[in-house]
Amino acid sequence: MVDEKVGHEVHLKQLPVGFPTENNFEFVRVSVPVPKQGEFLVRNIWMSVDPYMRGRMNKTKSHLPSFQLNKPLEGACVGQVLESKNNQFKVGDYLLSNFGWREYWLSMDGSGITKVDPNMAPIQSYLGVLGMTGLTAYIGILKVGELKENNHDCTVFVSAASGAVGSVACQIAKIKGCHVVGSAGSLKKVKWLLDQARIDYAFNYKEVGEDNISSELKKSCPNGIDVYFDNVGGKHLEAALDNMKMF
Ligand SMILES: NC(=O)c1ccc[n+]([C@@H]2O[C@H](COP(=O)([O-])OP(=O)(O)OC[C@H]3O[C@@H](n4cnc5c(N)ncnc54)[C@H](OP(=O)(O)O)[C@@H]3O)[C@@H](O)[C@H]2O)c1
């Protein structure tokens with residue numbers, strides 16, 4: 001008798017109301033399929049849990065479909081090919097895919113999957129700075145914000161500045177020579193922004209008070225803001241608009 005391989009998946013059992021709890025999810029044992037001709041089997045190593053996933057746990061219409069009940073959730077992950085009957089994907093290859101929330105997955109044809117190079121950076125970087133979050137910051141700050149080299153006259157304000165996207169946006173803006181100001185929700189995050197990301201000014205919006213963000217920006221961006229990288233909207237957006245440079 002051949003031993004059957006068993007894997008685990010996390011399924012969405014019921015739609016959360018408010019903050020998700022453990023009861024909304026189920027840890028399910030499943031048998032792992034054996035690849036047929038043209039298929040390959042992958043074991044996940046890293047996965048990313050992102051804020052946007054909460055939106056997919058609602059029934060409302062959005063740019064992405066809702067997660068299905070009693071099925072594994074989806075999300076970015078990096079895994080390694082364990083068995084392969086597909087010439088394009090060899091045993092040992094590292095792959096970035098959207099088949100997170102499960103230990104093993106089988107691909108029929110390799111569509112929607114990207115090979116990643118473990119020699120370039122630690123493989124988990126492809127879920128962060130070299131993945132969707134890094135790309136979001138890169139496109140936002142360079143393509144939309146149009147930062148140029150040696151932008152010493154340019155002031156950039158970033159909200160949720162120590163977050164996955166914000167932290168990369170801040171560091172790119174610093175590389176481009178900008179005066180960079182960031183807001184975050186704790187002293188520890190503010191310290192990280194100043195000591196590690198090396199931005200020019202950071203403040204804790206909870207300590208300052210949301211109604212005082214505008215005056216904090218007046219002080220830290222005396223020439224006005226050229227580019228606001230908005231991660232949160234609300235009072236931060238209003239305060240940033242109050243302080244934009246006049247062109
Ligand atoms: N992750 C992606 O790949 C991706 C892709 C496209 C778009 N986005 C968008 O980019 C933005 C940032 O995403 P992220 O993945 O970087 O998230 P993140 O790292 O989790 O950052 C979110 C942070 O926002 C801050 N925050 C939450 N509520 C706030 C409020 N009411 N006022 C001010 N700050 C608040 C919190 O930080 P504090 O503790 O500092 O308050 C929280 O940690 C989101 O709008 C997201 O939808 C993300």
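Sequential numbering from 1 along the given sequence is applied to the chain's residues. Predicted model, so just to flag it, every value in this text is computed and none were measured. Indexing begins at 1, ligand by ligand and atom by atom, following the structure's order. These numbers come from the heavy atoms of this one structure, side chains and all, not from hydrogens, waters or symmetry mates.
Geometrically, Lys143 does not engage Tyr138 in a cation-pi contact, judged by NZ or CZ lying under 6.0 Å from the ring centre and within 45° of the ring axis.
Hydrophobic clustering, with ILVMFWY side chains joined whenever heavy atoms are under 4.5 angstrom apart, keeps Leu147 apart from Val144. Linking ILVMFWY residues whenever their side-chain heavy atoms come closer than 4.5 Å, directly or via other members, leaves Leu95 and Met120 in distinct clusters.
Sorted by chain and number, the residues within 4.0 Å of ligand 1 by heavy atom are Pro51, Met132, Thr133, Thr136, Ala160, Gly163, Ala164, Val165, Ala184, Gly185, Lys189, Tyr205, Asn231, Val232, His236.
Taking a cutoff of 4.0 Å between a charged side-chain nitrogen and a carboxylate oxygen, Lys176 and Glu149 qualify as a salt bridge.
Not counting sequence neighbours, the partners of Tyr205 by the ring pair (Phe, Tyr, Trp, His ring centres under 6.0 Å) test are His236.
For Asp242 and Ser214, the side-chain atoms include at least one donor-acceptor pair closer than 3.5 Å.
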